[in-house]
There are 2 protein chains.
Amino acid sequence: MRISKKTEYAVHSLLYITFFKDRTVLLDELAAQGISREYLAKVMRLLTKSGILKSSVGVNGGYVLARPADQITLEDIFNAVEGDAYYRCESKSRRCGLAGKCGLTEAFGAARKMFLSELRKCKMSDMMEKSVSDGSWLKNLNPVV
Amino acid sequence: MRISKKTEYAVHSLLYITFFKDRTVLLDELAAQGISREYLAKVMRLLTKSGILKSSVGVNGGYVLARPADQITLEDIFNAVEGDAYYRCESKSRRCGLAGKCGLTEAFGAARKMFLSELRKCKMSDMMEKSVSDGSWLKNLNPVV
DNA sequence: GAGAGGATACTCGGATAGATGCTGTCCGAGTAACTGGGG
DNA sequence: CCCCAGTTACTCGGACAGCATCTATCCGAGTATCCTCTC
């Protein structure tokens, strides 16, 4: 449930890839945002494994989106990157007579659902639009052919 | 945003205190659930500072609820215990041209609001009822006068 | 001109180390109620 | 009977160690394309 830097790295890289959607993007290009290259590689692998990206190895390899940007939500990215480990009441492993009957697991489970459903509303294509209209770097980038 | 053990300790202890709402409860009683006494003391202090509990030191000291159990929500407890540190996009500190314009901070902020509003629905008194009706330890406890 | 083999340019993924924050421990300080003795 | 000082029973809060996880680094392995050489 923690939001780590991995998610930030993933989203920014996906924005970049979305911008150059008609060509494969290199890891080095993405790392040029100021992200550790090797660490980013691991994040990209998570996105690839979960089917958000397609990667190809070898010469002319790199990354492309596996599906259109309006079919990728922040929830997809969050799940791919942060995993689905989550809180569970551990009272049973203590001398706690509640033995998980306190309803904590359920309450936090419901809260997580709301959290995720809010992330689901946020599509990659929306973020792309917002970033471009805010006059960000993406606007000024020249495709490095 | 992480849900640590502190929250679990806090909720279970508050349940105990709620059950014996007409007397002060000792730290040792609460720690008897199988929680490190000294660590729990820190959690209790967080709850006291945020106005959920009232504590008194000295002989006959201990803890009591600062307000009725139906006016204490899981959100109150969560905020008191986990604090309000939360995700902020740090792209500015990198060579990232997005400079925080990606909307990540806003998106996760909205998601957090939904998360908290769900926790707000869960009152201490509800959890108390649930725990008792599930035949838990609370039912069998004899007030240690 | 075509096929084979080597060079090149990428990603994959495991091992490892440092940083950070949670968890747990220790201990002295502070405070309020009780107790007992002296006036 | 009353007051005062000492004792006792608590919480407060800082310092510190252990540990898990996140972050970052290193490096060899694997793979696809391209280039060159040979026939």
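Side chains included, hydrogens not; waters and symmetry mates left out as well; all remaining heavy atoms used.
B/Lys42 comes within contact range of at least one nucleobase, with a heavy-atom separation under 4.0 Å.
Between B/Ile17 atom CD1 and D/dT11 atom C1' there is a gap of 13 Å when expressed in whole angstrom units. Taking atom CG on B/Leu30 and atom C1' on D/dT11, their separation rounds to 13 Å, with Å as the unit.
Here C/dC12 is the nucleotide among C/dC12, C/dA15, D/dC12 with the atom lying nearest to any side-chain atom of A/Tyr63. Distance from the side chain of B/Tyr39 is smallest for C/dC22 among the nucleotides D/dT25, C/dC22, C/dC27. The side chain of A/Ser36 has D/dT25 as its nearest neighbour among C/dT11, D/dG14, D/dT25. Nearest to the side-chain atoms of B/Ser4 among the listed nucleotides D/dC22, C/dC22, C/dT11 stands C/dC22. The listed nucleotides are D/dA24, C/dC12, C/dT23; the one nearest the side chain of A/Lys5 is D/dA24. If you check C/dG14, C/dA33, C/dT23 against the side chain of B/Asn60, the one that comes closest is C/dA33.
Between A/Lys49 and A/Arg2, the residue whose closest nucleotide on DNA chain C is further toward the 5' end is A/Lys49. Each of B/Val59 and B/Tyr9 was assigned the nucleotide of DNA chain C with the nearest heavy atom; the assignment lying further toward the 5' end belongs to B/Tyr9.
A donor atom on one side chain and an acceptor atom on the other are not found under 3.5 Å apart for A/Gln33 and A/Tyr16.
Looking at A/Glu106 and B/Lys130, no side-chain N of the basic residue comes within less than 4.0 Å of a carboxylate O on the acidic one, giving no salt bridge. Using a 4.0 Å cut-off between charged side-chain N and carboxylate O, B/Arg94 and A/Glu8 make a salt bridge.
Remark: A/Arg120 CZ is packed, more than 12 non-hydrogen atoms of other residues, nucleotides or ligands lying under 6.0 Å away.
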